[in-house]
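Below you'll find the structure, written out as structure tokens, and then a few comments.
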Amino acid sequence: MCQHCDKSLKRSIYKQDPHNHTMLKSCPSCSTAAGYHVFYPSPQTFGCSQARVNSRNTQGIQSHCKFCRAKCAVPSTIKSFDCKRMKMI
């Protein structure tokens with residue numbers, strides 16, 4: 001469970017960047033490792049797949065960030081957010 005919002009870390013959630021209103025998505029792997037939801041710009045940091053397209057995921061956005069899927073560290077140049085500072089959408 002997230003130490004900030006008390007929701008499961010195993011499922012992605014979406015929020016809006018309060019500064020520029022872009023869509024952000026949590027990565028279950030990064031979030032579980034941190035103990036709180038970690039958000040990245042979506043879909044850029046996640047990628048998309050036609051195989052994942054469905055009525056709830058019309059863009060086919062991948063569940064985990066591309067760095068977790070590649071089993072490598074997230075570069076420090078990638079901006080991330082935690083749910084304590086975010087507004088739920």
Side-chain angles (χ1 to χ4, degrees):
M1 299 302 274
C2 176
Q3 59 186 289
H4 298 308
C5 70
D6 206 34
K7 295 183 188 284
S8 174
L9 297 171
K10 294 179 181 180
R11 296 180 63 79
S12 295
I13 59 175
Y14 291 85
K15 292 191 178 187
Q16 190 173 40
D17 182 329
H19 304 290
N20 64 14
H21 305 291
T22 58
M23 186 62 64
L24 301 170
K25 179 182 179 299
S26 68
C27 172
S29 296
C30 292
S31 298
T32 298
Y36 52 84
H37 287 105
V38 177
F39 293 87
Y40 301 109
S42 178
Q44 304 91 314
T45 310
F46 293 87
C48 298
S49 168
Q50 282 299 110
R52 295 196 55 83
V53 172
N54 61 50
S55 61
R56 294 186 65 201
N57 186 2
T58 57
Q59 290 183 301
I61 300 170
Q62 296 282 356
S63 297
H64 297 265
C65 74
K66 60 186 175 183
F67 306 104
C68 286
R69 290 196 324 275
K71 296 181 176 29
C72 62
V74 177
S76 60
T77 56
I78 301 295
K79 190 172 182 180
S80 66
F81 303 84
D82 68 65
C83 67
K84 186 176 183 178
R85 296 180 285 179
M86 303 297 297
K87 179 176 95 174
M88 182 67 77
I89 61 167

Trace of the side chain to side chain contact (heavy atoms under 4.5 Å, CB included) decision for C2 with S31
CA-CA 8 Å; C2 176; S31 298; over 6 Å; no

State, to 0.1 Å, how close [X] and [Y] come at their nearest heavy-atom pair, and which atoms those are.
X: H64; Y: C27; result: CA-SG, 4.0 Å
X: V53; Y: T58; result: CG1-O, 3.9 Å
X: M23; Y: K15; result: SD-O, 3.6 Å

Could you tell me whether a side-chain N or O of [X] sits under 3.5 Å from a main-chain N or O of [Y], the two making a donor and an acceptor?
X: R52; Y: N57; answer: no
X: H37; Y: C5; answer: no
X: S26; Y: I13; answer: yes
X: Q3; Y: G35; answer: yes

For residues [X] and [Y], determine if any side-chain heavy atom of one lies less than 4.5 Å from a side-chain heavy atom of the other.
X: D82; Y: H4; answer: yes
X: V74; Y: S80; answer: no
X: Y40; Y: L24; answer: no
X: P41; Y: T22; answer: no

With side chain to side chain contact (heavy atoms under 4.5 Å, CB included) as the criterion, how do F39 and C83 come out once you've worked through the C-alpha distance, each side chain's angles and the decisive distance to 0.1 Å?
CA-CA 8 Å; F39 293 87; C83 67; 3.6 Å; yes

Report, as yes or no, whether the 6.0 Å neighbourhood of atom CZ on F67 holds more than 12 heavy atoms from other residues, nucleotides or ligands.
yes

Check this for me: R11, atom CZ, are more than 12 non-hydrogen atoms of other residues, nucleotides or ligands nearer than 6.0 Å?
no

When I78, V38, T45 are each screened for side-chain contact (heavy atoms from CB on, under 4.5 Å) with C65, the one that passes is T45

Distance col, row I61:CD1 vs R56:CZ, nearest 0.5 angstrom, shows 12.5 Å

Cation over ring face, K25 and F46, 6.0 Å, 45°:
yes

Walk me through it: do Q62 and C48 pass the test side chain to side chain contact (heavy atoms under 4.5 Å, CB included)?
CA-CA 5 Å; Q62 296 282 356; C48 298; 6.0 Å; no

